[in-house]
Amino acid sequence: MRFALDDQPVDYLDGDSIAVAVVRAGQHPQHGGALCLAGDCGNCSADVAGVPFTRTCLTPARPGLRVRRHPAVGGPPLRLDPPKNPVASPAQTSVQVHRRHVDIAVIGAGRSGTAAAASARAAGHDVMVLDSESGFEVVGVYPGPIVVVRTPEHMLHVHAHEVVIATGAADVHPVCEGNMLRGIVTWGAADILRERSVDLGRTVTVDLTELARFDGIDGQVTAVVFTDGRSTPCDTAIVTSATRAPRDLLARMVSDPGVSVVGPAAERYDLPPCPTDGIVCPCSKVTVGDLQMVWDKGFTHLELVKRAALCGTGTCQGGVCMPHLRAFVTEKSGAPAAPFTGRPASRQLTIAEAAADVFLDPFRRTALHDEHLKLGAQMDRFGGWWRPWNYGDFMREYWAVREGVSLGDVSTLGKMIVSGPDVVEALERLYPTTIADIRPGRSRYVLLLNERGHLIDDGMVCRESDDRFVLTFTSGGASFAEAWVRDWIETWGLNVRIMDRTISLGAINVTGPLAGELLRRVGVPESPKFLQHRHADVAGVACHIMRLSFTGEASFELHHPVAHSAELWQTLMLAGRDLNITPHGLQALFALRLEKGHVIVGMDTELDTTPRRINMDWAVKMDKPDFIGRTALARTADLPDHRRLFGLTMDGPAPTEGAPIYVGDRIVGHVASAFMSPTVGKAIMLGWQKHSPWVDTVTVDGRTAHVTDTPFYDPQGARARI
Amino acid sequence: MIRRVPVRASERLYGLRVVATPEALDHARFAGSAGSAGSAGSAGEVTVLRIASDEVLALGAVDADVADPHAIVELETGFVGWHLTAAEFVSNVERHIEWLLPTHRPALAQGLIAGLPLKLWFDDDHDHDHDHDHDHDYVLVIASSGLAHEVVERLGVPA
Amino acid sequence: MNEFVETLLELTWHEPKSSYDVVIVGGGGHGLATAYYLATRHGITNVAVVEADYIGSGNSGRNTTIIRANYGIPESIRFYRHSQKLYSDLEQETGCWVMHATKGLIWLAHTETAMRAERARVLLNTACDAQTVLITPTEVKQLCPQIDLSGGGRYPVLGASHHLPASTARHDRVVWAYAQGAMQRGVHVLQNTQVTGLLRDGDRVVGVRTSNGDIAAGTVMSAVGGDVSQLAAHAGLRLPVRTHPLQAFVTNGYGQGFGPIISDTELLCYISQTARGQMLIGHEYDRESSFSLQSSFQFLQANAAKMSYLLPFVRDLKILRQWTGRCDVSADFSPIMGFTGVDGFVISTGWGTWGFKAIPAGGEQMAELIATGTTPELIQPFALSRFAADHAMADQGSTGTR
């Protein structure tokens, strides 16, 4: 059986790891360096089947496998090939995740791990033992605790009440002149190679404390030189050490009360002698001379040495260099040096392995999604929903609203029913507007403020009866608002029932001067008056009809069970066919409301927008005893204020939204929204002036713009009341 | 009780959603309609899901008797469901679940699955214990209808 | 030797004294830069920088090293643009190789709303001398051939803003460059010295209490990251600051092949290739506030997935190391610099995810403030008093990726 190493065939025996087979073939998986064959160093890592930095000692040889050495200098090339199937969702990658819930996960099946598992089992616990020898390679332990494991087939996430780290201790690598030659192995690696019947040729065993250097020819070790001057020729040098380094990286990377360390992994150990020559960090090719140089330049702290020389920042995360680096700093400073920080991951995982079975935020569709697609809508995501941006020609949609009748899908609005003996009290505290005097069947526009008196949302309050209301919120603010309302009402301890209806109800806005005519055609002979609302069947669908106006024309929002959205939409479209009914998307809606001077929270407002900054003090009743934000508004009412949103007009096309507003050379603010209004005959804008004194004439896009009262269109609001 | 004939594609779930005091919900009674039952159950059958201490989703219900004068009782059509056999559940859903599933029956479980907020209803009307019955409905997977397309894409269930 | 071993810099340590004109708490970039500019611009060298651990051990050594000025309000753009210019001259001024490399920053937009925000950003940046242009998907592909413009079928690229002067520098070396410059001029840097309290004389702060004894000071400046709320509490100040974990990770080092910095305005993550060839991936700070430095698996999962949608080639890269810093986020997402209302105590905080890029300007301006006793015009908008005045420097564009 064969695999390919740098395109040359390598024979292997059943059960060989790649590294063992490569050594058997008289070669080295890299260009040299001591091998431990236990996963502790990075000296055997190579590109395996297109994935560089794979530890070949832990990867079983397979027929036909393609293994490539990393370049001797520099990193392996960044593979930039396009994906094989560019449209496949990354969530559908081939890496699967399995999950296990256990009482206790024991990492390591050596003596301490086996003992820990046995006593846990004896105590009646559900125990899982994870050891790379049996195919469970632990790549990280995270708070939870969660143990992230790679198996030959899949990733495994083990959720455990307790994690016992029993990873034992590792052979200490030699650091001396010649330590990057081929043919150097640790004691443990020699054991593995002999067990696999690999011919090691002439061997010499040397203890770390007696090792002076390795001699070699053409990159291959030829002799071991001892500290007493002896030189013994060999084909394989075997390095032993009385001291072994605890494998404690997993323990150092996590801080969780459920994680403990046992056995040699938890033990103190004697540091090896301070190194004097050779490569101390094979991953980053750092020499002992490098350490000495940065130390001499004042980097006299283990972390500073590490960062200045980049020692220990490579693949093995200190697996080779940590004992030697500590020995170096301890000797130079005269004080014992603690290990550097442990950080995940221990055994490296690919980004695909980390991303396996991970799904990002979903995108919501309204029940009218397919209707919009049938009408050729260009969809856009807004506030977490797919919404029609336009249906091909947003000005045609604009005119349909201004002169005929149009439909808008407003299903995404936040909707909520609140009911209970304390409901009026709760709403009086939530909103700065007076609630108690709203009569059943009437509704009122409201702002929602935070404790700082800053605007966070707006919507409608519709009173259904003495103790029951329907609330609406903006599409983007709905989920926040739901949590906000629930949290506050619970905090106040008020007796109120809350039911969120956002996903349960569809909503269609029928708007335009012919909106009332369209409703008559579908069974609503007398539609509600402005700011009234009532329940009625529309084309056989039970609707809650709310009359308001965001577009500036007569508007009826039909809230209805979402299962009937499509049929209601189709019926309305059919009934309005001879009225040239045309649905409108967000692009037209933004233009229409701008002509009315209505702000969109989050688009025209900012993080610190108070009602007075957008000229909406009329929506705040400071004579109410309390509401969220009242204290802040009372405190800031008399402070000098330099920020104000103004209506602006100018000749020529609309400027790009966001354009700076100048007074002379000074930027005083920016254009929040802009539209070339055919009804006004000018570019209209909402724009901020943030430096007082405010002026009536400013410069936008190199042109003169004038502060203008809003609404720009139908200032008396007559058309909304038709 | 949920329908015993496996329904592979999703279906819209009809029922009532009720918010009331926990005590009132503990003793609430729900009636299905003989003639026009919600499709989640056979005629007249109602599946009561206690989705919060103060909230119930009663699939198949058309009438509710709740002893709370301020109870909110609304027709609910905002959810869709998939009836899955045990084998389908294991292959399509269970492997994406990070949290522990309930072992008692009947049981409602709610949480993120493949990044989606889903509800699982495990019925108790089986003559076996917890070993999975591969022929019969085992679980009803419930999602907001606005996320149905994501459920289809992520869990590989039919639309 | 690998080519990245530090060979030029030299640090000179001093024995501590019991009194200094200025004591700066926090031996990170901001503290050391302030000391450096006090010494070089104002001749004030009787200065100590007091560091609890080793220099650069906090956020200065944990950030993702991006230097940019493409902010959302003029006051911020001017400040960070100035910092960008100081960075450009830093190697020449200090003689240190900080690996400053101009790469350009591409902010991807996937929706019309996001495009609207990027168009606005381009206009305002341009007006404030921070070169930023709007680019098409085709141009994105030319600058970054590895990108999947369909976003894995889920996040299609509609366009982007391209901030041309954006750059990176090696974070540790910036810290050391300022440390070396300050130390050479006589500034004392005291490592392993934990500040446990502030010395008061009436209302005035007159020094610091440390684990190694009291140190008197004419002026105390807080340049602390992560623990700033606790330090300010010793001066009787309650700061409008919350501390959040900020996480990042790198892959192993690969050959160079990825030019620009790519950032995503919706997914709130970003990626660049370091001088050592590692792919460095960062994200907006964690939503929950915490002082923990623990890295989470959920973070790794989410960002591995996000990058897989945008840049499919990353899927086979091996993750080397993941880490966490702590960022102090102010109530309006902008930094807080200047006087505090407590005599003898000045502050530089609220650096959130944007402190590294501000090190030169923050240090230079705070040094001028300390030396002259007046607030330089460039940082007047960022005074602590703005919160009481309800004049926030609200810049949602300041957070890492937005």
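Each chain gets a letter, A, B and so on, in the order its sequence line appears, and its residues count up from 1.
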**Q** What residue, out of C:Gln294, C:Gln180, C:Glu6, has the most heavy-atom pairs lying under 4.5 Å from chain A?
**A** C:Gln294
**Q** Which bit of A:Thr313 comes within less than 4.5 Å of chain C, counting heavy atoms only: side chain, backbone, both or neither?
**A** both
**Q** Report which part of C:Ser57 has an atom under 4.5 Å of a heavy atom belonging to chain A: side chain, backbone, both, or neither.
**A** neither
**Q** Can C:Glu51 and C:Thr193 be counted as having a side-chain donor-acceptor contact under 3.5 angstrom?
**A** no
**Q** Between C:Leu9 and chain A, with a heavy-atom cut-off of 4.5 Å, which part of the residue counts as in contact: side chain, backbone, both or neither?
**A** both
**Q** With a 4.5 angstrom heavy-atom cut-off, could you sort out which part of C:Ser295 is near chain A: side chain, backbone, both or neither?
**A** both
**Q** If you take the centroid of each ring, where Trp contributes its six-membered ring, are A:Tyr142 and C:Phe299 closer together than 6.0 Å?
**A** no
**Q** Against chain A, label C:Ala117 side chain, backbone, both or neither, depending on which of its atoms sit under 4.5 Å from a heavy atom there.
**A** neither
**Q** Counting only heavy atoms closer than 4.5 Å, note whether C:Met279 contacts chain A via side chain, backbone, both or neither.
**A** side chain
**Q** Go through the structure and list residues passing salt bridge (Lys or Arg N to Asp or Glu O under 4.0 Å) with C:Glu75, not counting sequence neighbours.
**A** none
**Q** Using the benzene-type ring in the case of Trp, are the ring centres of A:Phe299 and C:Trp176 under 6.0 Å apart?
**A** yes
**Q** Check whether the side chains of C:Tyr71 and C:Arg78 place a donor and an acceptor atom closer than 3.5 Å, and report yes or no.
**A** no
**Q** Which region of C:Ala127, side chain (C-beta onward) or backbone (N, CA, C, O), has a non-hydrogen atom less than 4.5 Å from a non-hydrogen atom of chain A, or is it both or neither?
**A** both
**Q** What residue in C:Cys128, C:Ser292, C:Gly257, C:Ala120 has the most heavy-atom pairs under 4.5 Å with chain A?
**A** C:Ala120
**Q** For the interface with chain A, which of C:Arg173, C:Glu266, C:Arg170, C:His110 has the highest count of heavy-atom pairs at distances below 4.5 Å?
**A** C:Glu266
